Each structure stands twice: as structure tokens, then as C-alpha cells.
A.B. asks: 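Attaching a single structure in C-alpha cells format; questions to follow.
Both backbone and side-chain heavy atoms feed into the values below; hydrogens, waters and symmetry mates do not. Note that the structure is a prediction, hence the values are computed from the model and not measured.
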Amino acid sequence: MKMSSWFSRGVSLVLVGASALVGCEGPSAADDAASLGDGATTLDDAGLAVDAGLADDASVDAGSRPPPRFSDDEVFVTTTLESAPGRACVDIDLEPPGVVDCEASAEDWDYMFEAVDGEWMLWTNSGVRGPSTRGASFGPMSLAERSMIQSGRRVPGWFVDTIGGIFTTAPWHGYDVHGTHDITPNYRVYVVDTGGARFRVQVTTYYRDGESGWVTVRFGRLGETDYEELVVDARAGGFGAPADDPRNHYAYLDLEAGAVLDLDDAAAATNTAWDLGFKRYGTISNGGASGPGAVSGALANAQSALYDADGLPIRAAFDAMTPAQALDDFLAVTSADGLRFEVDRPRPYIIHDGGVQSFFGLDDATPGEPSYFARPDVWWAIRGSRGDSYAWLHATEFDVAARSLTLGLHIQARPTAAP
């Protein structure tokens with residue numbers, strides 16, 4: 001199986017420590033790379049860096065038990081959904097780890113298995129599902145990659161679950177296309193329905209003078225030849241930015257006015273004038289779970305030629321794309337016929353699309369019901385709801401008919417003071 005994980009692309013971060021970022025393309029690459037495994041950084045609700053507030057291994061009391069390493073022993077936890085839709089939660093700090101009531105143990109569960117509208121998902125307790133802001137995940141990884149990280153405090157970066165729509169399911173960028181932890185626009189074209197008008201939208205740049213977070217948005221009314229290009233300052237929320245900093249907000253774009261509005265996140269929560277929000281490479285729409293508006297989006301040109309059969313970016317194809325071709329692709333979108341629009345909703349970071357990087361596989365080549373199966377060779381790291389326990393996990397059994405999932409876990413338990 002061919003799998004290119006986040007970890008394999010950023011393996012140098014683990015092997016050479018802080019010096020790894022020096023070799024990236026300027027400060028912009030450092031802004032968007034995950035942390036160096038010292039427990040200092042996770043990602044915020046846009047998939048961006050925020051302070052984890054955790055100490056390095058060296059600061060853990062020498063008398064603490066157990067030592068801060070993943071256990072060599074694997075434990076298995078089976079969750080079965082009793083209702084449709086349904087959810088089941090697991091606390092990895094129990095001995096042994098086990099299923100708990102999601103509501104009664106809201107502060108303590110560490111991962112959730114959920115089925116909604118035919119989707120099978122794994123969540124961490126990171127604010128989208130559950131009240132904690134400490135839960136997070138990282139991956140996917142192969143067994144060999146997983147074996148190189150022996151402590152949860154050495155995971156290169158942590159990603160929280162988030163909220164998003166078409167810009168999340170089909171992002172406007174490729175990651176690490178050039179091997180520098182770069183964010184490279186893929187020139188996908190979207191149609192955004194604001195509830196009153198429809199606009200075609202394309203992102204064309206992310207860097208300006210070597211600095212990341214400067215998003216150039218090309219947009220125009222669907223069916224009209226005129227269009228605008230606007231550079232949006234989406235630098236808020238960069239590497240290490242505290243999630244609760246009021247300056248760490250989205251830049252809110254009004255497509256009708258062709259302007260970025262003077263709104264912070266609190267004001268945007270009750271404002272229907274904005275259509276799209278940008279923060280670094282994260283993008284939200286003013287509808288569904290992201291705002292009070294009626295905005296939805298659809299993918300009109302997926303730029304499929306830029307990706308291989310496994311959905312991984314092809315560098316040569318990205319390099320061959322010219323600004324003229326990108327503009328032609330934008331102008332070629334003149335109708336929304338046949339497009340599927342979606343509003344923003346909660347999205348887990350752990351991949352669940354049945355592809356090669358998903359925790360399960362999906363075989364829909366035969367007629368009738370698709371065949372689902374576990375992918376035990378795809379590993380994920382999770383951080384518990386309290387921020388100081390961790391686990392490697394992979395799916396070992398997946399029975400859709402029984403609504404049952406078994407995960408194998410290697411756990412790094414919470415430190416406890418020695419007697």
C-alpha cells in the first residue's frame with residue numbers, strides 16, 4: 001500500500017530537532033509546520049499552531065510513575081454503537097481503558113467513535129466533540145514511522161478537530177508539494193452561494209515576499225465575466241499563537257462588497273454580512289456551524305490532474321500549472337448545474353474517507369452494499385482530554401453490520417507521583 005503521511009513528510013523535524021525549521025523556505029514555512037515534539041505547540045480550531053502548555057520530558061519529576069513513554073503492550077478496546085445515529089466514548093486513563101458514558105464522563109473521555117448519516121468517524125475531546133480543549137491527534141503513520149516516536153511529548157505536532165465545509169473536504173492548497181512544509185495553492189475553483197447570489201472563487205497565492213498567510217482570493221459573480229482579486233491578510237493564528245488571544249481571529253470577506261470586514265470572531269458570530277473567513281490556510285463559510293448566515297459552497301473544478309490515484313500531490317503537475325491556466329480554469333466555471341453544496345459542520349482530523357490514509361478501508365467496486373474493513377497498518381497518535389496522556393491507535397476490526405469497531409492502543413498513561 002502506498003501511503004504518504006504527515007510524519008513521513010516532516011520526519012526531519014523529529015530527527016534533527018529545532019534545526020529542522022532552519023532549512024525550510026524562510027519564516028513562512030516555520031509558521032505552518034507543526035511543533036518540534038517538545039510539547040510546546042498544538043494546532044487551533046483552524047488547524048493552526050497554539051500553545052499546548054505542557055512541559056518537556058526533562059521537567060517530569062524523576063520519581064513519577066509510569067515513565068513518560070508509550071507502553072510496549074497493546075490493549076484492545078471494542079466500541080459498539082447501540083443506536084442510529086450513535087456514539088461511544090473511551091477513557092484511555094482507566095485500567096484497563098474502556099467505554100464510558102459520553103455525557104456523564106464528558107470531561108474524561110479521550111476518543112469517540114461516532115456514526116452519522118453513513119459516516120464513521122473518530123473524534124478527540126478537543127472542543128468540537130466534548131468540552132476539553134486538550135484532546136488532539138496526529139497522523140496518519142506507518143508502523144515504522146510510529147516506532148520512531150517513543151513518547152507523546154515527542155510527537156511533532158498536534159491537530160484538533162475543527163469545523164468546516166467544502167474548503168475543508170477539498171482544500172484550496174496542497175501541503176509539502178515541494179518538500180519544504182509549503183502551502184501551495186492548487187487552483188481549485190469553488191462556487192459559493194451566499195443565499196442571495198452565487199460567486200466563483202479561487203485562491204491563487206499564500207505567500208508574499210516570503211511571508212505566509214497572505215491569501216489572494218479571485219472571485220466574481222457566477223455567469224458574469226467580471227472578477228476581482230483581493231489580498232487577504234490571514235496571518236493571524238500563526239505558529240505558537242494562543243487560541244484565546246482576541247487578535248487571533250479570522251479575516252472575514254464580504255464577496256458582495258469585495259472587502260474584508262472589520263470583525264473579530266465574537267462579532268462575526270452574530271454577523272451575516274461576511275461570506276468567507278480566512279486564517280492561515282483554514283477557511284470557513286458563514287453558514288451551518290460556522291456562522292449565522294446562509295452561505296454554502298461547492299467544488300466546481302477539483303484540479304484532479306494535480307493529484308495521483310491516492311490523492312497525493314504530484315509536484316511536477318503543480319510546477320507545470322501556469323497563472324494563465326489557473327485563470328482559464330476559473331473563467332470556465334459558468335454554471336452551478338450538478339454541483340453539490342454543503343454548509344460548514346464539525347470535522348474530525350482523523351481521516352475517515354475509506355482511502356489509503358483512513359483508519360478504515362472501503363471497497364465499493366462491487367454492486368450492492370460497499371464492503372468496509374479495518375486498516376491496521378494506518379496508525380494515529382491521540383492526546384487525552386487532560387493533555388498529559390497519549391496513545392497510539394489503529395483499527396484492527398471493523399464490523400459495519402454490528403456497528404462495532406475495535407482499536408488497538410499503545411498507551412502512555414498520565415504521570416502519577418511516586419509514593
Side-chain angles (χ1 to χ4, degrees), residues 27-28 31-32 41-53 126-136 158-168 171-173 183 190 192-196 199 201 203 205-208 211-217 219 228-297 343-347 349:
S28 56
D31 287 341
D32 297 308
T41 306
T42 68
L43 303 181
D44 73 0
D45 58 355
L48 310 170
V50 294
D51 185 12
S126 55
V128 175
R129 289 285 186 271
S132 173
T133 59
R134 291 296 191 186
W158 290 106
F159 295 77
V160 300
D161 299 331
T162 188
I163 292 174
I166 192 62
F167 295 98
T168 300
W172 51 258
H173 58 82
I183 301 297
Y190 309 85
V192 174
D193 188 326
T194 67
F199 293 81
V201 174
V203 173
T205 69
Y206 182 67
Y207 298 98
R208 187 176 78 175
E211 184 179 25
S212 63
W214 293 96
V215 179
T216 301
V217 185
F219 59 96
E228 299 180 57
E229 291 186 353
L230 184 67
V231 178
V232 177
D233 182 354
R235 292 175 296 166
F239 190 74
D244 58 355
D245 188 329
R247 295 167 297 179
N248 183 18
H249 62 77
Y250 285 83
Y252 294 97
L253 174 60
D254 181 343
L255 294 173
E256 183 71 41
V260 174
L261 304 181
D262 184 15
L263 296 172
D264 59 20
D265 291 341
T270 58
N271 186 292
T272 59
W274 66 274
D275 301 306
L276 299 177
F278 294 89
K279 183 162 66 170
R280 312 299 297 182
Y281 47 84
T283 306
I284 58 175
S285 303
N286 193 352
S290 289
V295 179
S296 59
V343 298
D344 286 9
R345 61 186 179 86
R347 308 277 184 180
Y349 179 74

A.B. asks: For the OG atom of Ser285 and the CD1 atom of Ile163, what is their distance to the nearest 0.5 Å?
C.D. replies: 12.0 Å
A.B. asks: Once you round to the nearest 0.5 Å, how far does OH of Tyr206 lie from CH2 of Trp172?
C.D. replies: 6.0 Å
A.B. asks: Taking the six-membered ring for Trp, are Phe159 and Tyr349 parallel (under 30°), tilted (30 to 60°) or perpendicular (over 60°)?
C.D. replies: parallel
A.B. asks: Say you draw a straight line from CZ of Arg280 to OH of Tyr250; how long is it, rounded to the nearest 0.5 Å?
C.D. replies: 12.5 Å
A.B. asks: Between Phe167 and Val192, does a side-chain contact (heavy atoms from CB on, under 4.5 Å) hold up when you go through it step by step?
C.D. replies: CA-CA 10 Å; Phe167 295 98; Val192 174; 4.1 Å; yes
A.B. asks: Hey, are the side chains of Val217 and Val201 touching, using non-hydrogen atoms and a 4.5 Å cut-off?
C.D. replies: yes
A.B. asks: Assess whether side-chain contact (heavy atoms from CB on, under 4.5 Å) is satisfied between Asp233 and Trp214, documenting all intermediate values.
C.D. replies: CA-CA 5 Å; Asp233 182 354; Trp214 293 96; 3.6 Å; yes
A.B. asks: Show the nearest heavy-atom pair for residues Asp265 and His249, with the distance to one decimal.
C.D. replies: OD1-CB, 3.2 Å
A.B. asks: For the side chain of Asp344 and the backbone of Gly165, is there at least one donor-acceptor N/O pair under 3.5 Å apart?
C.D. replies: yes
A.B. asks: Look up atom CG in Asp254 and atom CG in Asp275, then write down how far apart they are to the nearest 0.5 Å.
C.D. replies: 5.5 Å
A.B. asks: Rounded to the nearest 0.5 Å, what separation is found between the CZ atom of Phe219 and the CG atom of Leu253?
C.D. replies: 5.5 Å
A.B. asks: For Arg345, give me all partners under salt bridge (charged side-chain N to carboxylate O under 4.0 Å, His left out), at least two apart in sequence or on another chain.
C.D. replies: Glu119
A.B. asks: I need the Leu255 CG to Leu276 CG distance, nearest 0.5 Å.
C.D. replies: 5.0 Å
A.B. asks: What pairs with Asn286 under side chain to side chain contact (heavy atoms under 4.5 Å, CB included), at least two apart in sequence or on another chain?
C.D. replies: Trp274, Pro292, Val295
A.B. asks: What is the minimum heavy-atom distance between Val232 and Ala251, and which atoms define it?
C.D. replies: CG1-CB, 3.5 Å
A.B. asks: Tell me the closest heavy-atom pair linking Gly287 and Val343, and the distance in Å.
C.D. replies: C-CB, 4.3 Å
